[in-house]
Amino acid sequence: MTKCKRMGEVPELPEVETVRRGLERLLGSTAVIRAIRLQRPDIRFPIPKELPRKLARQPVTGVRRRAKYLLIETPAGILLSHLGMTGTWRLVERGAEDKHDHCYLDLEDGRRFAFRDPRRFGIIDWIEAGGEAAHRRLKDLGPEPLGEAWTEDYLWRASRGRKVAVKVFVMNQKIIVGVGNIYASEALFRARIRPGRPSGRLTRAECGRLVLAVREVLSEAIAAGGSTISDFRHAGGSSGYFQNSFRVYDRGGEPCTACGAQLRAGALGGRSTFWCPRCQA
DNA sequence: CTTTGCACCTGTTGGC
DNA sequence: TGCCAACAGGTGCAAA
């Protein structure tokens, strides 16, 4: 299994939440958009052509997050962005343009934010005012892992009759949002459940442990990322030190921190997966 | 309906 | 030392 030592920089939900807080702080309650400049017509998907016209001269009324989507709100509608793998929002100076800057957000106060995404797995989209619930990228999303709907009972009922591996299941955004490849392995380790277990065979107690583990691992990562909010100006979405806390991710062959057994590496759903053969049943 | 597999994209890495 | 195939990730879609 190939290693990747820089996974802590891939924006999963905790990193997106850290970026949201950074944007919220920098935009404040008085920011007004002067203009949106698109440097290309698409990133991964086409960017709606009307987006610059809709957002010109709009005041920013809030910055929210749904799943891994950032939502910059204005009276006219919402600027939706997804960081993909390498996306960042950063405050930039004029003259510091980068070939990977796909969108510039110019404010009336002279500041400029750039959406920079070398790998172009990111998304920029437009949501007309009042159209959030019906928007194609949001309408089928499952509950937030830090919200009240993510419960043992919900996971128990949602998983009955499903044969797919539990790791693939919890990465399904229709079931539960915000659990990416890294935190899926981490949460299953904490819950002491093997990633390949069929979802429908989880016991009620295991569902309870997994719900708690997902909530805890994401909360702790957000707390760790929070310490880098002050660096947002320089670092954009590159946040947090939580990668130092990974218990199994990218540690195939190393001893388990809990029992010393050799950690296993494999693939599920085409994604790298790590677990302890002794701790996880 | 569920499940599986792959395309998308490009900077980084590891093997030769 | 230098080259190049393999790989990482989230999402969406086609096919089974």
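Contact between the side-chain N/O atoms of A:Q173 and the OP1/OP2 oxygens of C:dT11 is found at a separation under 4.0 Å. Between A:R136 and C:dG12 there is no side-chain N or O to OP1 or OP2 distance below 4.0 Å. For B:dG11, one of the phosphate oxygens OP1 or OP2 lies less than 4.0 angstrom from a side-chain nitrogen or oxygen of A:H100. The shortest distance between the side-chain N/O atoms of A:H82 and the OP1/OP2 oxygens of C:dG10 is not below 4.0 Å.
Cation-pi geometry between A:R137 and A:F45 is satisfied (NZ or CZ under 6.0 Å from the ring centre, within 45° of the ring normal).
Taking atom CZ of A:R137 as the reference point, atom C1' of C:dC13 lies 12 Å away to the nearest angstrom. The CD1 atom of A:I175 sits 14 Å away from the P atom of C:dT11 (whole-angstrom rounding). Following rounding to the nearest Å, A:N181 (CG) and C:dT11 (C1') show an atom-to-atom distance of 13 Å. Rounded to whole Å, atom P of C:dG10 lies 15 Å from atom CD1 of A:I176. Straight-line distance from the CG atom of A:D42 to the C1' atom of B:dT10: 15 Å, rounded to whole Å. Put simply, CG on A:D140 is 11 Å from P on B:dC1, counting in whole angstrom units. In this structure, CG of A:L138 is placed 15 Å from C1' of C:dG10, rounded to the nearest angstrom.
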Next on the checklist: As a quick check of understanding, evaluate salt bridge (Lys or Arg N to Asp or Glu O under 4.0 Å) for A:D153 and A:R204, giving each step before the final call.
Outcome noted: CA-CA 8 Å; A:D153 197 53; A:R204 190 170 261 283; 3.2 Å; yes
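Every residue two or more places apart in sequence or in another chain that forms a side-chain contact (heavy atoms from CB on, under 4.5 Å) with A:E73 is listed here: A:T61, A:R64, A:I78. Residues forming a side-chain contact (heavy atoms from CB on, under 4.5 Å) with A:R53 (at least two apart in sequence, or on another chain): A:E50.
Within the nucleic acid shown, A:G270 has no heavy atom closer than 4.0 Å to any nucleic acid atom.
Between the CG atom of A:L23 and the CG atom of A:L71 there is a distance of 11.5 Å, given to the nearest 0.5 Å. Separating the OG1 atom in A:T74 from the CG atom in A:L79 is a distance of 8.5 Å, to the nearest 0.5 Å.
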Next on the checklist: Each nucleotide in nucleotides 2-8 of chain B should get exactly one letter: B, S or -. Can you fill that in based on protein heavy atoms under 4.0 Å?
Outcome noted: SSS--BB
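Note: A:H102 and A:F115 have tilted aromatic rings, judged against thresholds of 30 and 60 degrees for the angle between ring planes.
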